[in-house]
Amino acid sequence: MCRHLGYVGPPASVGELLTRGTHSLRTQAWAPKDMRGGGTINADGFGVAWWRNGTGGPPETSRYRNPDPIWTDPAVEEVLPQLVSGAVLGSIRSATVGMPIERAACAPFIDGRWAFSHNGAVPEWRRVLTAVTSDLDVAATRVGATRLFETARLLEAEAATDSAALWVLLRDLLRSGESGAYAASPADALRLLVAAVLRHMPTARLNLLIGDGEQVWATTVHHALSALVTDDVAILSSEPYDDDPRWQPIPDRKLVVAGPGMLSIEELTPPGDSA
């Protein structure tokens, strides 16, 4: 059910990060080791986002996506290696049965300085995420932040998938944090969204990954995640791409924040009573 990787560190080749190691993200497309009941291969497309310096502002994202299997795209070895960035977020997709296989459905989804990937599934996602939107709207209104979340905004999703709709909600939560209207931080935005989804669908699988070019944040709900953090680099990956002993498996139901020289692993619980 998809694999993803987030990198922050010294400038690196975008393409090389997709193929790095004996168990690279590309290899995980056809030979994943820890899918946990979420499919057998990840052949329904892939994508990668990287950050470039903004003009007088925060880093800005660019991306490349393809609905075909990653191993069929020559750009992975011929074009993407020519791009260099200090932050990269890559994803390979295993589509849930019934969801479209198209470029617009492939992560990463981006907005401004943010990029997002979802490893998992939300059963009955249209009903569930409509209810979640209503919950978030009520909670935000209680603290004086009105009209931040409206059901009609789910129509802004790039594709008719749970992941694309989740991104609309998370994007709005991140925007509310930047304006000071609701979610206090990216970590709070993730907590609020995951808690709201699980209230309506306890079996949802919600390994979420976001980056802003400086740090990466992730949640673990059902699926695997590992971290490799040193003084110079921070990497979060669904599966370790090599046998470096410094890889650290992340337990289930955790919120992870990582950057070079920094790894925080906390319980994935709502922040106070704001959810």
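Note that these values count all heavy atoms, side chains included, but never hydrogens, waters or copies made by symmetry. Just so it is clear, the model here is predicted, and its values are computed rather than measured.
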Is there a donor-acceptor pair under 3.5 Å between the side chain of [X] and the backbone N or O of [Y]?
X: Arg52; Y: Thr61; answer: yes
X: Asp188; Y: Arg191; answer: no
X: Asn207; Y: Val221; answer: yes
X: His222; Y: Arg36; answer: yes
X: Thr133; Y: Thr151; answer: no
X: Asp232; Y: Pro10; answer: no
X: Ser91; Y: Cys2; answer: no
X: Ser176; Y: Ala183; answer: yes
X: Ser85; Y: Val88; answer: no

Legend entry - side-chain contact (heavy atoms from CB on, under 4.5 Å) between Lys254 and Leu225, intermediate numbers included: CA-CA 10 Å; Lys254 300 297 182 184; Leu225 186 73; over 6 Å; no
About how many Å separate [atom2] of [Y] and [atom1] of [X], when rounded to the nearest 0.5 Å?
X: Ser24; Y: Ile92; atom1: OG; atom2: CD1; result: 8.5 Å
X: Asp162; Y: Arg205; atom1: CG; atom2: CZ; result: 11.5 Å
X: Trp217; Y: Leu190; atom1: CH2; atom2: CG; result: 9.0 Å
X: Cys106; Y: Tyr64; atom1: SG; atom2: OH; result: 10.5 Å
X: Trp125; Y: Ser163; atom1: CH2; atom2: OG; result: 9.5 Å
X: Leu89; Y: Arg63; atom1: CG; atom2: CZ; result: 12.0 Å

Contact check, side chains of [X] and [Y], non-hydrogen atoms, under 4.5 Å:
X: Arg253; Y: Leu198; result: yes
X: Asp137; Y: Thr141; result: yes
X: Pro186; Y: Ile210; result: yes

Inset, instruction - Could you check Arg3, Met99, His4 and say which one makes a side-chain contact (heavy atoms from CB on, under 4.5 Å) with Arg93? - result: Met99
Inset, instruction - State, to 0.1 Å, how close Ala258 and Val229 come at their nearest heavy-atom pair, and which atoms those are. - result: CB-CG2, 4.3 Å
Inset, instruction - Give the intermediate values and the outcome of side-chain contact (heavy atoms from CB on, under 4.5 Å) for residues Arg113 and Glu214. - result: CA-CA 10 Å; Arg113 66 189 177 104; Glu214 298 177 350; 5.6 Å; no
Inset, instruction - Give the cluster check for Leu236 versus Leu170: same hydrophobic cluster or not, with ILVMFWY residues linked at side-chain heavy-atom distances below 4.5 Å. - result: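 They do not share one cluster, since no chain of ILVMFWY contacts under 4.5 Å joins Leu236 to Leu170.
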